[in-house]
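As structure tokens, the structure follows; a few thoughts come after it.
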Amino acid sequence: MPMNTALHDTRVRFAPSPTGYLHVGGARTALFSWLFARHTGGTFVLRIEDTDFERSSEEMVNGILDGLRWLGIDWDEGPFYQSQRLPLYTATVHKLLESGHAYHCFCTREELELRRATAAEAGKTPRYDGRCRTIEAAEATQRISQGETAAVRFMVPRDGVTAFDDAVFGRMEFANAELEDFVLLRSDGIPTYHLSVVADDLDMRMTHIIRGADHLSNTPKQVLQYQALGAPLPIFAHVPLILGPDKTRLSKRHGATSVMSYKDMGIVPEAFRNFLALLGWSPGELAKQADGPDRELFSTDELVRMFSLDGIAHSNAVFNNDKLAWYNTEYIRAYDPARLLPLIEEEWRQANYKPTRSRDEILATIPLLQQRARSLKDFSSTFLAYFGDKFEVDPAALQKFLSNPAVVDHLAELGQRYASLEVFDEPRTEQLLRDFAAEKGVKAGALINGARVLLTGQSVAPSLFTVMVCLGQQRVVHRLQAGKQAIAL
RNA sequence: GGCGCUAUCGUCUAGGGGUUAGGACGUGAGAUUCUCAAUCUUAAAACACGGGUUCGAUUCCCGUUAGCGCUACCA
């Protein structure tokens with residue numbers, strides 16, 4: 001029976017294992033959990049599941065925390081570390097031992113492995129046979145006191161079914177006969193996941209367990225423990241997995257899977273969050289607009305307001321980089337320049353670049369560039385000509401628009417004319433160029449395209465005369481005139 | 001192998017016993033001409049298959065197929 005909690009009393013957690021960085025699947029689980037907690041006005045807890053000492057590390061924990069912070073996911077309690085809560089798990093095991101729901105198992109890893117292999121060869125399902133069940137508690141205690149090591153296993157009923165209601169998949173039933181007597185406590189006294197997750201979720205009074213669907217088949221093992229402990233069940237909500245383009249589970253093979261690598265690619269956090277939120281979840285009718293297309297762009301507040309467990313999809317979703325890129329352009333373009341600037345500055349720090357223009361000039365320049373930026377990376381690469389005088393010229397652009405020496409000469413001369421222009425604004429710079437083109441008998445477009453390359457280093461840019469005004473008279477004159485030597489080199 | 005989950009355009013999805021099956025990304029075509037990676041217009045593109053139930057199934061049920069997950073003293 002699910003707990004009967006008022007919605008505002010919800011307690012949910014994100015419980016990553018620090019055996020790797022924060023990957024996109026984990027990030028989405030965290031997002032959904034966080035969205036649910038915020039939507040219900042409940043509590044969001046962060047718990048680090050570091051009971052696999054071999055593979056866990058402090059560094060990974062920090063990476064995960066950084067990833068969450070970058071995404072704007074904050075937590076109300078924690079981070080708690082399972083490695084520091086060992087007494088809770090042994091206490092839980094003792095309860096289970098005492099109530100006869102668990103027993104000591106003296107089988108060694110080698111023995112188990114051998115039996116598994118034999119069973120597999122015989123075409124049988126490899127499953128622990130429960131042979132240590134019959135060892136009396138007194139005998140077990142004695143053997144342990146004599147120095148034998150033992151693991152503790154849960155005693156799964158031989159028959160019957162274990163059932164629970166999943167908030168996304170509905171009623172789930174598993175035959176107990178399919179389950180083996182799984183290990184709760186390893187022979188070194190360290191709990192397995194199955195034990196620590198139940199002990200902690202109980203101790204931390206979790207009301208909803210939102211996690212990846214890869215845990216669906218494990219859930220009956222946990223339900224059995226809740227029942228053995230006489231505890232009410234939390235509500236489980238399993239979230240389908242994220243797949244790569246080849247429809248296999250997303251992994252390193254598919255390229256970037258770490259959340260922070262998306263930051264490094266110049267993705268802005270809001271874009272990533274919006275994208276992730278709509279991967280495997282849909283606001284359904286809430287996205288409908290009376291006229292026009294369904295909405296796809298949502299602020300965090302809107303996401304929080306609309307989020308619900310029953311909008312979660314039942315099937316796996318393929319991670320779509322193109323759509324992410326689209327979100328990124330939409331968000332970059334919608335930013336207030338003052339809010340975008342710190343992100344750009346961070347990008348410059350990473351690239352070890354220092355702009356030479358003033359903050360005000362830069363702020364005035366950003367709106368021109370936002371429309372065309374695909375990532376924050378553009379601001380530290382193709383857009384550099386707008387922020388200082390050190391920039392590279394795209395060879396393809398050079399080839400396309402400046403391969404004719406006459407054009408280069410004209411542009412140098414045009415630079416001189418601009419030097420003596422009294423009022424350097426858009427209409428006047430354009431008028432001057434068009435008059436000049438007519439005078440020389442060349443097409444204005446040829447000069448415009450050439451000038452664009454000289455001024456910005458690119459063949460693609462905002463309207464040329466807007467760029468000129470943005471750059472300022474001095475720079476325009478200088479770059480147009482410098483073209484001749486630069487190209488000759 | 002066993003158990004479980006899933007199946008709507010290439011991808012993310014809406015929908016739901018009677019619909020021209022809606023939107024988004026991407027793709028194609030056109031427009032604009034000062035470039036396009038911007039903008040506008042426009043096109044193509046889906047209910048996996050087979051049985052039921054029903055007057056009628058893409059929708060409900062069963063099966064098949066396919067994909068994914070679990071099947072550790074990992075989490």
Side-chain angles (χ1 to χ4, degrees), chain A residues 15-20 49-52 54-56 82 105 107-109 112-113 116 120 123-128 149-153 166 168-169 172-175 177-180 182-188 190-194 196-197 212-220 238 240-241 243 245 247-249 275 278-285 287-289 292-297 313-327 329 333 371-374 378 382 397 400-401 430 433 443-449 451-453 456 458-465:
Chain A
S17 169
T19 54
E49 308 219 326
D50 56 349
T51 52
D52 184 345
E54 311 265 297
R55 300 194 298 147
S56 300
Q82 291 193 322
C105 171
C107 300
T108 65
R109 281 170 192 259
L112 293 168
E113 217 153 290
R116 240 196 308 276
K124 287 193 198 149
T125 303
R127 194 175 287 147
Y128 179 67
T149 59
V152 177
R153 286 181 185 271
D166 190 274
V168 350
F169 290 108
M172 300 291 304
E173 292 186 0
F174 294 82
E178 296 294 333
L179 271 27
E180 67 174 351
F182 53 95
V183 171
L184 294 167
L185 200 63
R186 299 182 256 209
S187 46
D188 61 3
I190 304 302
T192 63
Y193 165 74
H194 296 301
S196 57
V197 74
D214 47 341
H215 287 290
L216 203 49
S217 307
N218 286 325
T219 308
H238 287 93
L241 305 179
L243 311 178
K247 301 205 176 188
T248 63
R249 206 227 266 249
F275 167 73
L278 265 60
L279 194 60
W281 173 77
S282 161
E285 298 287 325
K288 286 267 180 289
Q289 297 185 117
D294 297 353
R295 297 188 55 201
E296 308 258 345
L297 262 3
H314 293 198
S315 51
N316 297 340
V318 174
F319 189 92
N320 185 345
N321 273 304
D322 285 333
K323 190 120 184 199
L324 207 213
W326 174 76
Y327 272 112
T329 61
R333 141 183 330 184
Q371 311 309 317
R372 285 151 211 277
R374 297 193 66 75
D378 290 332
T382 55
K400 189 171 175 194
F401 294 118
E430 176 161 10
L433 184 142
K443 289 212 285 194
L447 294 182
I448 288 171
N449 289 333
R452 174 175 297 109
V453 177
T456 69
Q458 302 291 319
S459 61
V460 170
S463 169
L464 182 71
F465 305 101

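Please read all numbers here as calculations on a predicted model, not as lab measurements. Within every chain, numbering begins at 1; the chains are lettered A, B, ... in the order of the sequence lines, protein sequences first and strands thereafter.
With hydrogens and angles ignored, a donor-acceptor pair closer than 3.5 Å exists between the side chain of A:S187 and the base of B:C73. Between the side chain of A:S463 and the base of B:C34, at least one donor-acceptor pair of N or O atoms lies under 3.5 Å. You'll find a donor-acceptor pair under 3.5 Å spanning the side chain of A:R55 and the base of B:C74, going by distance alone. At a cut-off of 3.5 angstrom, the base of B:C73 holds no donor-acceptor pair with the side chain of A:R153.
Taking atom P on both B:A21 and B:G16, the two are 16 Å apart, rounded to the nearest angstrom. Rounded to whole Å, the P atom of B:G22 lies 41 Å from the corresponding atom of B:G2.
Note: A:F169 and A:H314 have tilted aromatic rings, judged against thresholds of 30 and 60 degrees for the angle between ring planes.
For A:R186, a side-chain nitrogen or oxygen approaches OP1 or OP2 of B:C74 to under 4.0 Å. Residue A:S217 places no side-chain N or O under 4.0 Å from the OP1 or OP2 atom of B:C5. Checking the phosphate oxygens (OP1, OP2) of B:G69, a side-chain nitrogen or oxygen of A:R249 falls inside 4.0 Å. Distances shorter than 4.0 Å separate none of the side-chain N or O atoms of A:R116 from OP1 or OP2 on B:G1. The side chain of A:R333 contributes an N or O atom lying less than 4.0 Å from OP1 or OP2 of B:U39. OP1 or OP2 of B:U11 has at least one side-chain nitrogen or oxygen of A:K247 nearer than 4.0 Å. OP1 or OP2 of B:G1 has not a single side-chain nitrogen or oxygen of A:T125 nearer than 4.0 Å. For B:U6, one of the phosphate oxygens OP1 or OP2 lies less than 4.0 angstrom from a side-chain nitrogen or oxygen of A:H314.
Around CD of A:E54, the count of heavy atoms belonging to other residues, nucleotides or ligands within 6.0 Å does not exceed 12.
Between the OG1 atom in A:T51 and the CZ atom in A:R186 there is a gap of 5.5 Å [rounded to 0.5 Å]. A:T248 OG1 to A:N316 CG: the interatomic distance, rounded to the nearest 0.5 Å, is 11.0 Å. To the nearest 0.5 angstrom, A:F465 atom CZ is 4.0 Å from A:I448 atom CD1.
Comparing A:W326 and A:L241 by the nucleotide of RNA chain B whose heavy atom lies nearest to each, the residue mapping closer to the 5' end is A:W326. When the nearest nucleotides of RNA chain B are assigned to A:H194 and A:K323 by heavy-atom distance, the more 5′-ward of the two goes with A:K323.
Rounding to whole angstrom units, CD of residue A:E180 and P of B:G2 are separated by 18 Å.
The A:D52 side chain lies nearest to B:A75 when the options are B:U13, B:U35, B:A75.
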